[in-house]
Amino acid sequence: MTMSDTHKTLLRGAKVLGGEPRDVLIEGERIAAVGTGLDADGATVIDVAGQILLPGLVDLHTHLREPGREDSETVLTGTRAAAVGGFTAVHAMANTFPVADTAGVVEQVWRLGRESGYCDVQPVGAVTVGLEGKKLAELGAMHDSAAGVRVFSDDGKCVDDAVIMRRALEYVKAFDGVIAQHAQEPRLTEGAQMNEGVVSAELGLGGWPAVAEESIIARDVLLAAHVGSRVHICHLSTAGSVEIVRWAKSKGWNVTAEVTPHHLLLTDELVRSYDPVFKVNPPLRTEADVMALREALADGTIDCVATDHAPHPHEDKDCEWGAAAMGMVGLETALSVVQHTMVDTGLLDWTGVADRMSVRPSAIGRLTGHGRPVAAGEPANLTLLDSAYRGVVNPAGFASRSRNTPYEGRELPGRVTHTFLRGRATVVDGKLT
């Protein structure tokens with residue numbers, strides 16, 4: 001490709017990481033220049049005055065459901081939802097049918113991601129065969145495959161056997177992999193329907209105690225330290241979990257953690273409605289937990305925001321609470337919820353948001369080309385946000401195949417206007433290209 005063939009786009013007046021307005025020139029797949037009064041010769045000029053420019057968002061925890069549950073989501077629909085939400089890369093969880101526990105399945109998901117073209121899809125491999133917790137999956141083969149898997153998780157289930165967890169941590173050291181643990185002690189959560197506390201007692205719903213999460217996290221940070229490996233805590237949800245991770249990090253151990261947007265905003269009081277849209281794993285916790293999670297994300301104890309985008313068809317949610325599936329869609333509302341809970345409250349600035357939603361998740365997943373500075377020579381994976389926008393969430397307009405959002409009818413700030421994947425616009429004026 002000669003330079004004359006390279007498509008050029010000039011973003012005029014973007015507030016890079018919320019700072020002073022700058023022009024950003026994109027040539028081909030890269031950022032060519034960042035400055036003021038840049039020459040727009042031959043470029044498509046987009047006036048983005050006042051909008052926040054961030055590196056493309058990266059999600060460490062997405063359920064794309066393909067193969068096996070294409071009625072709820074596919075790689076194509078899920079990556080379209082990701083692009084609308086400002087994401088340029090997502091990590092696809094392994095609890096598909098068949099389970100992504102072999103090189104063949106992770107390569108299938110990876111190839112579907114490349115074909116979709118809306119964002120990069122990095123498959124997450126299962127830790128154990130069939131997510132059954134009995135024997136290790138072929139971690140090395142998944143890493144050596146075209147998909148180059150670095151993150152392994154039985155998410156949806158906990159690797160509760162300490163010996164299996166130890167072996168997995170030891171195994172992934174060979175290629176700098178990480179085990180992402182769904183911290184849920186199974187015996188302590190049998191029949192659990194919601195957070196164990198005042199509300200569960202009043203409603204008579206089976207309680208899900210905080211200690212079921214915290215005990216596994218405590219064990220696993222100790223195991224990771226013992227074998228000198230990397231552990232990542234999925235969807236951390238309690239104040240106690242924050243304290244354990246904070247302690248582990250103070251020791252210099254290789255421990256990272258994520259929090260979901262819904263755990264930064266919603267509490268178990270919402271379960272009084274008995275609306276299964278609020279049923280999720282781990283469950284919505286208390287106001288005190290929410291505030292502890294926000295503070296921990298602000299001070300860096302929690303490394304990143306991950307959506308745990310969990311689409312379900314309406315029949316799995318439009319039923320009584322006890323029979324309903326757990327999970328919420330989250331890709332298209334994540335940045336708005338983070339603006340609402342973290343930026344508009346003064347806990348994080350936009351540089352902090354870029355760090356927690358792009359830089360750190362890229363680093364944990366060892367993704368190259370994402371989470372990079374907005375600077376000349378860098379890949380043009382970019383997201384533009386109109387932070388002044390206020391709108392009511394209407395799932396009818398979602399790009400996701402599923403509609404199970406807990407924010408329907410709620411006003412949230414911020415709207416992604418443009419998303420660029422390696423210089424190519426995937427979203428323009430809030431609409432998919």
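We're numbering straight along the sequence, starting at 1. Just so it is clear, the values below take in all heavy atoms, side chains as well, and ignore hydrogens, waters and symmetry mates.
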Residues Tyr407, Met328; criterion side-chain contact (heavy atoms from CB on, under 4.5 Å); working and verdict
CA-CA 10 Å; Tyr407 311 115; Met328 304 165 168; 5.6 Å; no
So NE2 of His418 and CD of Gln51: to nearest 0.5 Å the spacing works out to 7.0 Å
Which heavy-atom pair separates Gly423 from Ile26 by the least distance, and what is that distance?
CA-CG2, 3.7 Å
Is there a donor in the side chain of Ser215 and an acceptor in the side chain of Glu185, or the other way round, less than 3.5 Å apart?
no
More than 12 non-hydrogen atoms from neighbouring residues, nucleotides or ligands closer than 6.0 Å to CD on Glu20, yes or no?
no
Please evaluate residues Leu335 and Val353 with respect to the criterion side-chain contact (heavy atoms from CB on, under 4.5 Å), reporting the C-alpha separation (whole Å), side-chain torsions for both, the decisive distance (0.1 Å), and the verdict.
CA-CA 9 Å; Leu335 192 49; Val353 173; 3.9 Å; yes
Please check if any side-chain donor atom of Asp289 sits under 3.5 Å from a side-chain acceptor atom of His263, or the reverse.
no
Got a donor-acceptor contact below 3.5 angstrom from the Arg65 side chain to the Pro311 backbone?
yes
Exam field: side chain Ser229 to backbone Leu169, donor-acceptor pair closer than 3.5 Å
yes
Measuring from atom OG1 of Thr260 to atom NE2 of His235, what distance do you get when rounded to the nearest 0.5 angstrom?
8.5 Å
Heavy atoms of Cys158 and Ala183 approach each other most closely as SG-CA, 4.4 Å
Assess whether a salt bridge exists between Arg12 and Asp23, defined as any Lys/Arg side-chain N lying under 4.0 Å from an Asp/Glu carboxylate O.
yes
Asp59 side, atom CG; Phe87 side, atom CZ - distance, nearest 0.5 Å:
5.0 Å
Gln122 side-chain N/O to Ala147 backbone N/O, donor-acceptor pair under 3.5 Å
yes
Give a yes or no on whether the backbone of Glu70 and the side-chain of Arg401 come within a donor-acceptor separation of less than 3.5 Å.
yes
So Pro276 and Asp318, do their side chains get closer than 4.5 Å, heavy atoms only?
no
So, Glu408 side chain and Pro406 main chain: donor-acceptor pair closer than 3.5 Å or not?
no
Test salt bridge (Lys or Arg N to Asp or Glu O under 4.0 Å) applied to Asp303 and Arg356, Arg246, Lys249, the passing residue
Lys249
Heavy-atom closest pair, residues Ala146 and Trp110
CB-CZ3, 3.5 Å
Measure across Pro55 and Leu17 and return the closest heavy-atom pair with its distance rounded to 0.1 Å.
CD-CD2, 3.7 Å
Please answer whether the main-chain N or O of Val75 pairs with a side-chain N or O of Glu66 as donor and acceptor at a distance below 3.5 Å.
yes
For Arg390, does the CZ atom have more than 12 heavy-atom neighbours from other residues, nucleotides or ligands under 6.0 Å away?
yes
Please name the pair of heavy atoms, one in Glu287 and one in Thr267, separated by the smallest distance, quoted to 0.1 Å.
OE1-CG2, 3.3 Å
Do you know which of Thr383, Val338, Leu348 makes side-chain contact (heavy atoms from CB on, under 4.5 Å) with Met357?
Val338
Donor-acceptor side-chain pairing of Arg285 and Asn195 below 3.5 angstrom
yes
In this structure, CG of Leu384 is separated from NZ of Lys15 (nearest 0.5 Å) by 12.5 Å
With rounding to the nearest 0.5 angstrom, report the CZ to CG distance, Arg30 to Leu25.
14.0 Å
So, Asn381 side chain and Arg422 main chain: donor-acceptor pair closer than 3.5 Å or not?
yes
Audit row: Trp350, Ser387, side-chain contact (heavy atoms from CB on, under 4.5 Å) steps and yes/no:
CA-CA 10 Å; Trp350 289 110; Ser387 61; 3.9 Å; yes
Pairwise distance CG(Leu10) to CG(Leu38) - rounded to 0.5 angstrom:
6.0 Å
Among Asn281, Asn95, Asp154, Asp160, exactly one meets side chain to side chain donor-acceptor pair (under 3.5 Å) together with His182. Which residue is that?
Asn281
With side-chain contact (heavy atoms from CB on, under 4.5 Å) as the test, would you mind laying out the steps for Val416 and Val84 before giving the verdict?
CA-CA 7 Å; Val416 171; Val84 168; over 6 Å; no
Flag, side chain of Ser358 to backbone of Asp355, donor-acceptor distance under 3.5 Å
no
State whether a side-chain donor-acceptor pair under 3.5 Å links Ser241 with Thr238.
yes
Contact summary for Arg230 and Asp176, nearest pair of heavy atoms
NH2-O, 2.9 Å
Please find out if less than 6.0 Å separates the ring center of His63 from that of His61.
yes
Between the side chain of Lys317 and the main-chain N/O of Lys279, is any donor-acceptor distance below 3.5 Å?
yes
Say whether Ser400 and Glu73, considering side chains only, have a donor N or O and an acceptor N or O under 3.5 Å apart.
yes
Ion pair check, Lys157 and Asp155, cut-off under 4.0 Å
no
Just checking, is any N or O donor in the side chain of Asp120 or His370 under 3.5 Å from an acceptor N or O on the other one?
yes
Could you tell me whether the side chain of Ser200 and the main chain of Gly206 form a donor-acceptor pair under 3.5 Å?
no
